[in-house]
Protein chains: 2
Amino acid sequence: MAAFTRFALGVHILALLASKRDGAMTSQTIAASANTNPAFIRRLLAKLNKAGLIKSQPGKGGGSQLAKGPKKISLLDIFEAVEAGRIVAAPKTFPENGCYVAANLAPVFRDFTSDAEVAFFSSLSDVSLKQVVKSLKTAAARS
Amino acid sequence: MAAFTRFALGVHILALLASKRDGAMTSQTIAASANTNPAFIRRLLAKLNKAGLIKSQPGKGGGSQLAKGPKKISLLDIFEAVEAGRIVAAPKTFPENGCYVAANLAPVFRDFTSDAEVAFFSSLSDVSLKQVVKSLKTAAARS
DNA sequence: CTGGTCTGTAACCGCCTTAGGTACAAATCG
DNA sequence: CGATTTGTACCTAAGGCGGTTACAGACCAG
């Protein structure tokens with residue numbers, strides 16, 4: 001599979017912005033770092049902007065920067081900003097085909113899987129962008 | 001989004017098999033319950049078979065049935081049987097473009113997100129097929 | 001105010017995955 | 001042998017996603 005590719009790219013973007021605290025960074029610069037194109041980055045930046053994680057400014061000398069400190073941004077914030085909706089798809093319900101499994105599975109399935117989703121989200125919310133940047137710096141120092 | 005649609009269908013199939021403990025069930029019957037076609041069901045059954053969750057027998061009077069008790073089958077078993085690979089995609093690495101974030105993000109990202117994946121999987125492994133069937137029956141009785 | 005720069009967004013393309021469907025060989029039982 | 005069912009190989013259609021181009025709007029410098 002390998003889903004949630006936007007999530008990885010979103011973390012990349014924010015880590016980049018966090019490592020350059022003074023001034024703004026243009027989508028062109030970010031795209032160069034992530035080896036992709038500026039328009040795609042801007043689509044992601046727009047979502048991060050709507051989520052209140054960054055501030056963008058158009059015009060000459062413009063660009064994007066963090067809207068708040070990296071300690072106040074969790075991986076969950078990033079995930080929810082760039083990935084829409086649920087993780088686990090609900091089963092379709094067919095109440096009319098005479099099968100009680102088909103008719104009743106959906107809410108039962110939802111109950112159990114939402115527990116797993118909460119566990120996933122909760123773990124993501126425990127990690128701040130600051131921790132990511134810190135780990136990044138020590139990894140860079142090692143190499 | 002709504003990923004992992006096969007997971008929901010896999011749970012449906014196993015819940016169906018678990019609710020009919022005597023004898024085998026054909027892919028035709030299962031397909032009728034899930035409102036899909038027998039070939040698609042058989043593809044899923046093959047994976048569940050390989051994972052050791054069910055036993056299938058070809059030929060007249062054949063079909064599929066559980067290979068072990070519903071107490072010994074967890075939602076994680078089903079998930080791993082029908083959904084391949086990881087949940088969260090790793091970021092691509094570009095060590096050559098001179099950006100230390102791009103060069104070092106992958107392992108750091110992997111560390112933090114694998115914690116979340118483990119939390120997700122662990123929650124799934126806490127639920128057995130027997131619990132699902134039980135909840136299903138009480139839901140059916142209520143309606 | 002004019003030119004240059006950057007964001008935000010729309011539109012389009014190509015790739016890949018996935019569900020749906022057909023078909024057929026192999027296996028099994030009566 | 002004949003009927004039935006699995007397992008699997010293909011093909012097709014639809015949707016999601018990354019990549020790209022294009023352009024309107026905002027903003028700064030001179």
Side-chain angles (χ1 to χ4, degrees), chain A residues 1-10 12-13 17 23-65 67 81-92 94, chain B residues 1-10 12-13 17 23-65 67 81-92 94:
Chain A
M1 276 284 308
F4 307 139
T5 61
R6 288 195 298 274
F7 176 45
L9 196 46
H12 186 142
I13 292 174
L17 293 181
M25 189 176 283
T26 71
S27 62
Q28 178 72 44
T29 309
I30 301 174
S33 162
N35 270 31
T36 181
N37 66 89
F40 186 49
I41 293 293
R42 285 204 292 273
R43 276 199 287 253
L44 246 23
L45 287 174
K47 292 184 190 226
L48 295 170
N49 202 346
K50 267 181 195 136
L53 302 183
I54 65 169
K55 293 283 179 199
S56 297
Q57 196 176 17
K60 190 168 190 170
S64 302
Q65 52 190 314
V82 299
E83 301 283 350
R86 297 255 178 186
I87 297 186
V88 180
K92 306 170 195 161
F94 308 105
Chain B
M1 278 285 311
F4 307 138
T5 60
R6 287 194 300 276
F7 177 45
L9 196 45
H12 186 141
I13 292 174
L17 293 181
M25 190 175 280
T26 72
S27 61
Q28 178 70 47
T29 310
I30 301 173
S33 163
N35 270 32
T36 179
N37 67 88
F40 187 48
I41 293 293
R42 284 204 294 271
R43 275 198 288 258
L44 246 26
L45 286 174
K47 293 186 187 220
L48 295 170
N49 203 344
K50 264 178 198 137
L53 303 183
I54 65 170
K55 292 285 178 194
S56 296
Q57 196 176 18
K60 190 164 189 172
S64 302
Q65 51 190 315
V82 298
E83 301 283 350
R86 298 250 179 191
I87 298 186
V88 180
K92 306 169 196 162
F94 309 104

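Naming convention: chains lettered A, B, ... in sequence-line order (proteins, then strands); numbering from 1 in each chain.
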Which atom pair, heavy atoms only, marks the closest approach of A/Ala34 to A/His12?
CA-CE1, 3.9 Å

Looking only at heavy atoms, what is the nearest atom pair of A/Val82 and A/Arg6, with distance?
O-NE, 3.1 Å

Indicate whether OP1 or OP2 belonging to C/dT5 is found under 4.0 Å from a side-chain N or O atom of A/Thr26.
no

Distance-minimising heavy-atom pair for B/Ile54 and B/Ser56:
CD1-OG, 3.9 Å

Quick one: A/Lys47 NZ to C/dT7 P, roughly how many Å, whole number?
18 Å

Integer-rounded Å distance: D/dT5 C1' and B/Gln65 CD
14 Å

Sequence-distant partners of B/Thr36, side-chain hydrogen bond (donor to acceptor under 3.5 Å, both in side chains), two or more places apart:
none

Its contact letters, B for base, S for sugar-phosphate only and - for none at protein heavy atoms under 4.0 Å, make nucleotides 20-30 of chain D read BBB--BBBS--

How many whole angstroms separate atom CD of B/Glu83 from atom C1' of C/dT17?
12 Å

Rounded distance (nearest 0.5 Å) linking atom CG of A/Leu48 with atom CG of A/Leu17:
8.5 Å

Nearest heavy atoms of B/Ala24 and B/Gly62, plus distance in Å:
CB-O, 3.9 Å

How bent is the helix from C/dC1-D/dG30 to C/dG30-D/dC1, measuring the angle between the end axes built from five pairs each, rounded to 10°?
20°

Please find the pair of heavy atoms, one from B/Lys55 and one from B/Ala67, that lie closest to each other, and give the distance.
CG-CB, 3.7 Å

Atom of B/Ala31, atom of B/Asn37 and distance for their closest heavy-atom approach
CB-C, 3.7 Å

In whole angstroms, the gap separating P of C/dA27 from NZ of B/Lys55 amounts to 17 Å

Nucleotide D/dG7, atom P - distance to CD of B/Gln28 in whole Å
15 Å

Can you tell me the distance, in whole Å, between the CZ atom of A/Phe7 and the C1' atom of D/dG16?
20 Å

It should be established whether A/Ser56 places a side-chain nitrogen or oxygen under 4.0 Å from OP1 or OP2 of nucleotide C/dT7.
no

Are A/Ile30 and A/Leu45 close enough that some pair of their side-chain heavy atoms sits under 4.5 Å apart?
yes

Nearest-angstrom distance from the residue atom CZ of B/Arg6 to C1' of C/dT18
7 Å

Taking CD1 from B/Ile41 and P from C/dG20, how many angstroms apart are they, rounded to a whole number?
9 Å

Using a cut-off of strictly less than 4.0 Å, decide whether B/Asn49 has a side-chain nitrogen or oxygen near OP1 or OP2 of D/dT6.
no

